[in-house]
Participant: 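This is the structure, below, for whatever I ask next.
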Amino acid sequence: VYVESNDAGASRRELSLSAEIEVAPQPRIELGAYNLDLGLSLQGEETSARVAIKNTGELELSVDIAHSEFKFLANGKPAAFPLKIAAGKELGLEIRLPPQNKTGTLRDYVLVKSNDPARSTLSVYISRYIITKADLRELVRKYGKLLEDKK
């Protein structure tokens with residue numbers, strides 16, 4: 001910071017400031033992935049994806065996730081929201097997407113809300129390409145030889 005005055009000998013002086021800022025303990029959310037590409041999915045079949053939620057902060061992390069069509073499982077059981085994740089711990093969350101009758105590219109997102117003051121809302125984008133059994137048969141017929149082990 002420069003300070004100017006009417007002092008003829010030193011009309012401009014430089015001041016240096018420094019400070020130590022203490023941040024109160026808080027939860028910190030980190031996701032294992034923000035974009036999940038599930039590749040090919042078969043028409044009419046349920047698809048699932050996994051995402052890791054980690055608390056890198058010093059206080060318990062509270063996580064709420066909502067999506068009207070998806071089911072969420074933690075440790076193989078239906079997830080009870082809000083999820084509570086202790087400091088330094090990680091939770092694997094399974095996202096089950098319902099069967100689809102339409103084909104082609106599907107893109108969805110899930111909002112992840114938490115008590116992390118710096119990142120209270122995050123999005124996980126999920127994409128997949130739905131094909132019919134007939135399309136799958138055609139792909140196997142066309143490219144199956146490329147997949148065979150050469151002995």
Participant: State the CG-OH distance between Asn35 and Tyr125, to the nearest 0.5 angstrom.
Facilitator: 8.0 Å
Participant: Give the minimum heavy-atom separation between Tyr129 and Thr105, together with the two atoms involved.
Facilitator: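 In this case the closest contact between Tyr129 and Thr105 is CD1-OG1, 3.2 Å.
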Participant: Taking the side chain from Glu58 and the backbone from Gln26, do they hold a donor-acceptor pair closer than 3.5 Å?
Facilitator: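 Such a contact is found between Glu58 side chain and Gln26 backbone.
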Participant: If you round to the nearest 0.5 Å, how far is CD of Gln100 from CD of Glu46?
Facilitator: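 These two atoms lie 11.0 Å from each other.
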Participant: Run the side-chain contact (heavy atoms from CB on, under 4.5 Å) check on Val3 and Glu14 step by step: do they pass?
Facilitator: CA-CA 6 Å; Val3 177; Glu14 180 180 344; over 6 Å; no
Participant: Ignoring hydrogens and angles, tell me if any N or O in the side chain of Arg96 forms a donor-acceptor pair with the backbone of Leu73 under 3.5 Å.
Facilitator: no
Participant: Has Asn55 got a side-chain atom pairing as donor or acceptor with Lys89's backbone, closer than 3.5 angstrom?
Facilitator: no
Participant: Which atoms form the tightest heavy-atom contact between Pro117 and Pro27, and what is the distance?
Facilitator: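 It is CD-O, 3.9 Å.
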Participant: If I take atom CG from residue Asp108 and atom OG from residue Ser123, how far apart are they, to the nearest 0.5 angstrom?
Facilitator: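 Going from the CG atom of Asp108 to the OG atom of Ser123 covers 12.0 Å.
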Participant: I'd like to know if Leu31 and Tyr109 are part of one continuous hydrophobic network [Ile/Leu/Val/Met/Phe/Trp/Tyr, side-chain heavy atoms within less than 4.5 Å].
Facilitator: no
Participant: Could you give the distance from OG (Ser48) to CG (Leu38), rounded to the nearest 0.5 Å?
Facilitator: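 Output value for this atom pair is 8.0 Å.
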Participant: Could you please spell out the steps behind the side-chain contact (heavy atoms from CB on, under 4.5 Å) verdict for Val51 and Tyr34?
Facilitator: CA-CA 8 Å; Val51 66; Tyr34 296 89; over 6 Å; no
Participant: Does Asp7 use its side chain to pair, donor to acceptor, with the backbone of Gly9 at less than 3.5 Å?
Facilitator: yes
Participant: Do Leu139 and Leu40 pass the side-chain contact (heavy atoms from CB on, under 4.5 Å) test, and can you show the C-alpha distance, the side-chain angles, and the key distance before you say yes or no?
Facilitator: CA-CA 11 Å; Leu139 284 171; Leu40 292 178; 4.0 Å; yes
Participant: Look at the side chain of Asn115 and the backbone N and O of Ser62, then say whether any donor-acceptor pair between them is shorter than 3.5 Å.
Facilitator: yes
Participant: Tell me whether Ile21 is reachable from Val1 by hopping between hydrophobic residues (I, L, V, M, F, W, Y) whose side-chain heavy atoms are closer than 4.5 Å.
Facilitator: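 Per the 4.5 Å side-chain linkage, Val1 and Ile21 are not co-clustered.
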Participant: Go through the steps to decide whether Ile29 and Leu122 satisfy the test side-chain contact (heavy atoms from CB on, under 4.5 Å), and finish with yes or no.
Facilitator: CA-CA 9 Å; Ile29 189 169; Leu122 300 172; 3.7 Å; yes
Participant: Closest heavy-atom contact between Ala49 and Leu97?
Facilitator: N-CD1, 4.4 Å
Participant: Kindly indicate whether the side chain of Leu136, heavy atoms from C-beta on, has any atom under 4.5 Å from the side chain of Leu42.
Facilitator: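 A side-chain contact exists here, since the closest heavy-atom pair is under 4.5 Å.
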Participant: Honestly curious: do Leu61 and Leu59 fall in one hydrophobic cluster under the side-chain, below-4.5 Å linking rule?
Facilitator: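 Leu61 and Leu59: separate clusters.
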Participant: How long is the straight-line distance from CG of Asp135 back to NZ of Lys142, given to the nearest 0.5 Å?
Facilitator: 11.5 Å
Participant: Over all heavy atoms of both residues, which pair between Gly57 and Ala87 is shortest? Give the atoms and the distance, please.
Facilitator: O-CB, 3.3 Å
Participant: Do we see a donor-acceptor contact under 3.5 Å between the side chains of Lys113 and Thr121?
Facilitator: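 Side chains of Lys113 and Thr121: no pair found under 3.5 Å.
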Participant: Indicate, with yes or no, if Ile130 and Leu36 share a hydrophobic cluster defined by side-chain heavy-atom contacts under 4.5 Å among Ile, Leu, Val, Met, Phe, Trp and Tyr.
Facilitator: no
Participant: Has Lys84 got more than 12 heavy atoms of other residues, nucleotides or ligands less than 6.0 Å from its NZ?
Facilitator: yes
Participant: Considering only NZ, NE, NH1 and NH2 on the basic side and carboxylate oxygens on the acidic side, decide whether Arg28 and Glu30 come within less than 4.0 Å.
Facilitator: no
Participant: To the nearest 0.5 Å, what is the distance between OG on Ser41 and CZ on Arg128?
Facilitator: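 Ser41 OG to Arg128 CZ: 5.5 Å, rounded to 0.5 Å.
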Participant: When you compare the side chain of Leu91 with that of Leu83, does any pair of heavy atoms fall below 4.5 Å?
Facilitator: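 Leu83 reaches Leu91 side chain to side chain.
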Participant: Just by modelled atom types, is the Asn101 backbone N or O under 3.5 Å from a matching donor or acceptor in the Gln43 side chain?
Facilitator: yes
Participant: Would a hydrophobic clustering, with Ile, Leu, Val, Met, Phe, Trp and Tyr connected at side-chain separations under 4.5 Å, put Phe70 with Ile65?
Facilitator: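 They do share one cluster, since a chain of ILVMFWY contacts under 4.5 Å joins Phe70 to Ile65.
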Participant: Indicate the atoms forming the closest heavy-atom contact of Ala52 with Glu90, along with that distance.
Facilitator: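 Minimum heavy-atom separation between Ala52 and Glu90: CB-OE2, 3.4 Å.
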